[in-house]
Amino acid sequence: MFTQHLLLLAAAALPLITAAPAAQPSTTTGTHASQTNTSPRTTHTVVAGRPGLRFDPENIFADPGSIIEFHFLPANHTVVEASFDAPCQPKDATSFFAGFFPVARPADGSAVQSGEVFQIEVKDDKPIWFYCAQDKGRHCQSGMVGAVNQRVDSGKTLEVFRAKAAGVLGPAGVQAQVQGGWRGANPNPLGGF
Ligand SMILES: *[C@@H]1O[C@H](CO)[C@@H](O)[C@H](O)[C@H]1NC(C)=O
Ligand SMILES: [Cu+2]
């Protein structure tokens, strides 16, 4: 009798369990970067050029398959992928490089950002290190750096990366051309404000 009740209960509960809705990504913009997966992508917006020469946010945690979308404030920033051990230089020939985004600072002080964005796809769960290569003002050496999926327990943290960047004597490096991501029209010109 008791067992029979349990079985009935289990049978009744099962459809409820299987019908539970799957988790949905929070936002669905940024479908340009890759066509390999047709499901909606989570897009993480990063604004380059906050006062103090910063990326905001600069410490991003993103699932594989998600998109990082860089928006650019005045006056002329970029983003380049580095290795942890050599900040302010492209990691290798495949490192992403967004090109520069000159944006005039409005005389009335109003908020403005570039009409273009740069998107990268997070391909796996390995850390991604990046920097701004604007040499006028030595942005990378001044701390305009960031990380995706840093491993806090490994000792390879954003703060250590930033300290290494501060010690770079030479100029920051760029790639010969825009690569490793998608540069195109800004889908959300007020994103990040
Ligand atoms: C933006 O910065 C890059 C790198 O310093 C420079 O080559 C380019 O001329 C700058 N663009 C403008 C419009 O200032
Ligand atoms: Cu910069």
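Whatever order the structure lists them in is the order used to number ligands and atoms, beginning at 1.
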In terms of the angle between their ring planes, are Phe55 and Phe130 parallel, tilted or perpendicular, with boundaries placed at 30° and 60°?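 The arrangement is perpendicular - the two ring planes meet at more than 60°.
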Validation row: Glu58, Leu158 side chains within 4.5 angstrom (heavy atoms):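 A side-chain contact under 4.5 Å exists here.
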- Of all the heavy-atom pairs spanning Arg183 and Val178, show the shortest one and how long it is.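 The answer is CB-CG1, 4.3 Å.
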Requested in this report: Using the test side-chain contact (heavy atoms from CB on, under 4.5 Å), find all partners of Gln89 that sit at least two apart in sequence or belong to another chain.
Outcome: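 Not a single residue meets the side-chain contact (heavy atoms from CB on, under 4.5 Å) criterion with Gln89.
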Nearest 0.5 Å, what's the CD-OH distance between Glu81 and Tyr131?
->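 Answer rounded to 0.5 Å: 9.5 Å.
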**Asked** Roughly how far apart are Lys164 NZ and Ser83 OG, rounded to 0.5 Å?
**Response**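 The OG atom of Ser83 is 8.5 Å from NZ of Lys164, to the nearest 0.5 Å.
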#### Entry: Carboxylate-amine/guanidinium proximity below 4.0 Å for Glu121 and Arg41
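Salt bridge: yes.
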Exercise. Report the protein N/O/S neighbours of the Cu ion (ligand 2) that fall below 2.8 Å; do not count waters.
Key: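 As for protein N, O or S atoms lying under 2.8 Å from the Cu ion (ligand 2), they are His77 ND1, Cys132 SG, His139 ND1, Met144 SD.
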Asp124: partners by salt bridge (charged side-chain N to carboxylate O under 4.0 Å, His left out), with sequence neighbours left out
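If we apply the salt bridge (charged side-chain N to carboxylate O under 4.0 Å, His left out) test to Asp124, skipping adjacent residues, the hits are Lys126.
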Between ligand 1 and the protein, which N/O pairs fall short of 3.5 Å?
residue	atom	partner	partner atom	Å
ligand 1	2 (O)	Asn76	ND2	2.4
ligand 1	2 (O)	Gln134	NE2	3.0
ligand 1	5 (O)	Gln134	OE1	2.8
ligand 1	11 (N)	Asn76	ND2	2.9
ligand 1	14 (O)	Asn76	ND2	3.4

_So that I can confirm a possible disulfide, could you see if the SG-SG distance for Cys132 and Cys140 falls below 2.5 Å?_
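The answer is no, since Cys140 and Cys132 keep their SG atoms 2.5 Å or more apart.
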